[in-house]
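Worksheet: one structure, shown below.
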Amino acid sequence: MKQRHATATASALFALLPLSLLLFRLLVLLVRLRLAAFRDAALSLHFLARLRIRPVHLRLPGTDATTVRVWCPAAPSAKPPLLLLHGFGGDSKWTWARNLPALSRHFHVYAPDLLFFGAHSRSASPLRTVAFQARCAAEAMRLLGVDRYDVVGISYGGFVAYRLAAVEGRDRVPRVVVMTSGVAATPGEMREMAAREERAVEESLLPETADGLRRLVRRSMHRPPPWMPDFVLDDFIKLMCVVQRKERAELLHELLKNGAGIDPLPVLTQKTLILWGDKDKVFPLDLGHRLQRHLGDVSRLEIIKDAGHALQLEGADQVNRFIKSFLLDS
């Protein structure tokens, strides 16, 4: 009896070890004033302890050593599965920090780090296309045993979501949410937008300095934080913008060259919700109207007032309500 009790106690302590290590890391980072790294660890702790969402590292089939990290529920449920695809602004944790708590109450959420974002999603493949990202996301869902799911993609993730939906079809991906994504822009228009930048596009979207990141935040948000000290921005750059920067720059150039990589852009057969901020300075609202006209009656456009390109942050409550209503009520 005592031996069984000791074994149970040891098992409980072992289960708490990851959380204990995270708490210790939080204290160390706070003492060192590494606030971005502190928030990153805090988000991991929140996902694990409160939302019961854990990271899974998947080795995809093939010879190119492709590994994808996916945040997904620790236990099965009867909730409908939902795939969330982030953009260039960060990995899945940072992108969906204000959405996962609400969405995970209603959906079995899967949030992968797209290839070359963060330190965990990697590949030896030379491919940098939207098609490759979409194929890897779909393969990850198959490995997780999820045969049918809805998909939400924001910005670059919107390109990936659109391509995934077009290839996988309505039987596997019945509904799509595209958020503030220039899917409807032609490759020529994408190049023109890049040419209007005051500096190289990778400097704008993959900043290496605090000033560069500050400019990006102010461009992405209609109401940016009033206080953005250099030491916080520098810490975020070390955390998010250094590892695999070359590969992400190649992703960016491929996107500007070929867009979604399908010409002409197919008309999806899935019901599609398009969400846009009326103050978007990255992809103008006209592209949202154009995408809605392209898709026709299967789509609808919802415009969120006083929100910029970082729609999932500035308009988080409205975004969560629109996604829930669209996916559950329809």
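Contact check on E314 versus K279 returns no salt bridge, with no Lys/Arg side-chain nitrogen under 4.0 Å from an Asp/Glu carboxylate oxygen.
Q244 places a side-chain N or O within donor-acceptor distance of the main-chain N or O of S121, the cut-off being under 3.5 Å. A donor-acceptor contact shorter than 3.5 Å links the side chain of R248 to the backbone of V243. Judged by distance alone, with hydrogens and angles left aside, the side-chain atoms of R175 form a donor-acceptor pair with the main-chain N or O of L327 at under 3.5 Å. H86 contributes a side-chain N or O that, together with a main-chain N or O of L114, makes up a donor-acceptor pair within less than 3.5 Å. The closest donor-acceptor contact from the side chain of K93 to the backbone of D40 lies under 3.5 Å.
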List the steps, then state whether salt bridge (charged side-chain N to carboxylate O under 4.0 Å, His left out) holds for K238 with D235.
-> CA-CA 5 Å; K238 291 176 186 175; D235 190 34; 5.8 Å; no
Check the pair T66, F132 against side chain to side chain contact (heavy atoms under 4.5 Å, CB included), reporting the backbone distance first and the verdict last.
-> CA-CA 11 Å; T66 299; F132 182 57; 4.1 Å; yes
Apply the test salt bridge (charged side-chain N to carboxylate O under 4.0 Å, His left out) to residues R223 and D306: give CA-CA distance (whole Å), side-chain angles for both, the deciding distance (0.1 Å), then the verdict.
-> CA-CA 8 Å; R223 299 182 303 276; D306 294 329; 5.2 Å; no
Worked check of side chain to side chain contact (heavy atoms under 4.5 Å, CB included) between S123 and F116 = CA-CA 8 Å; S123 178; F116 312 118; 4.1 Å; yes
Output, in order, the C-alpha distance, side-chain angles, deciding distance and verdict of side chain to side chain contact (heavy atoms under 4.5 Å, CB included) for L100 and I53.
-> CA-CA 9 Å; L100 276 170; I53 298 174; 4.2 Å; yes
Evaluate salt bridge (charged side-chain N to carboxylate O under 4.0 Å, His left out) for R245 paired with E208, printing each intermediate quantity in order.
-> CA-CA 10 Å; R245 186 180 190 276; E208 295 182 284; 3.8 Å; yes
Does the side chain to side chain donor-acceptor pair (under 3.5 Å) test come out yes or no for S155 and H309, once each step is laid out?
-> CA-CA 8 Å; S155 195; H309 189 67; 2.8 Å; yes
Decide yes or no on side chain to side chain donor-acceptor pair (under 3.5 Å) for H108 and S77, but give the supporting numbers first.
-> CA-CA 7 Å; H108 209 65; S77 77; 2.8 Å; yes
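Applying the salt bridge (charged side-chain N to carboxylate O under 4.0 Å, His left out) rule to D234 yields no partners; only residues at least two apart in sequence or on another chain are considered. Residues satisfying the side chain to side chain donor-acceptor pair (under 3.5 Å) test with R148, not counting sequence neighbours, are none. For the salt bridge (charged side-chain N to carboxylate O under 4.0 Å, His left out) test, no residue two or more places apart in sequence or in another chain qualifies with R135. Residues meeting the ring-ring contact (aromatic ring centres under 6.0 Å, His included) test with F107, sequence neighbours left out: none. For N258, the side chain to side chain donor-acceptor pair (under 3.5 Å) partners are E254, not counting sequence neighbours. In this view, Y162 satisfies the ring-ring contact (aromatic ring centres under 6.0 Å, His included) rule with no residue, not counting sequence neighbours. Legend: residues meeting side chain to side chain donor-acceptor pair (under 3.5 Å) with D113, ordered by chain and number and at least two apart, are R69, S92. Partners of W71 under the ring-ring contact (aromatic ring centres under 6.0 Å, His included) rule, at least two apart in sequence or in another chain, are F47. Contacts of K246 classified as salt bridge (charged side-chain N to carboxylate O under 4.0 Å, His left out), with partners at least two apart in sequence or in another chain: E250. H253 pairs by the side chain to side chain donor-acceptor pair (under 3.5 Å) definition with E202, not counting sequence neighbours.
Rounded to the nearest 0.5 angstrom, L60 CG and E139 CD are separated by 6.0 Å. Note that CZ of R128 and CD of Q133 are 9.0 Å apart. Values are rounded to the nearest 0.5 Å. Taking CZ of R321 as the start and CD1 of I323 as the end, the distance is 12.0 Å to the nearest 0.5 Å.
Among all heavy-atom pairs drawn from L164 and A137, the shortest one is CD1-CB, 3.9 Å. Scanning both residues, P266 and H294, for their nearest heavy atoms gives O-NE2, 3.2 Å.
Annotation for R98: atom CZ does not count as buried by contact number, only 12 or fewer foreign heavy atoms lying within 6.0 Å.
Evaluated for a side chain to side chain donor-acceptor pair (under 3.5 Å) with E168, the options Q270, R163, R142 yield exactly one hit, R142.
There is a path of hydrophobic side-chain contacts, each under 4.5 Å, that joins M228 to L216. Residue M190 is not grouped with residue I262 when hydrophobic side chains (ILVMFWY) are merged at heavy-atom distances under 4.5 angstrom, including chains of intermediate members. Both F283 and V217 are part of a single hydrophobic cluster, where members link through side-chain heavy atoms under 4.5 Å apart. When the side chains of ILVMFWY residues are joined at heavy-atom separations under 4.5 Å, either directly or via intervening members, L268 and I274 end up in a single hydrophobic cluster.
Screening residues 177-190 for salt bridge (Lys or Arg N to Asp or Glu O under 4.0 Å) gives E189-R290 as the qualifying pairs, with residues at least two apart or on separate chains. Note on residues 46-57: no pairs pass salt bridge (Lys or Arg N to Asp or Glu O under 4.0 Å), not counting sequence neighbours.
Ring geometry for F159 against Y156 counts as tilted: the plane angle lies between 30° and 60°, on a 0 to 90° scale.
For S299 and K271, the side-chain atoms include no donor-acceptor pair closer than 3.5 Å.
Taking the ring centroids of F236 and W94, they lie under the 6.0 Å cut-off.
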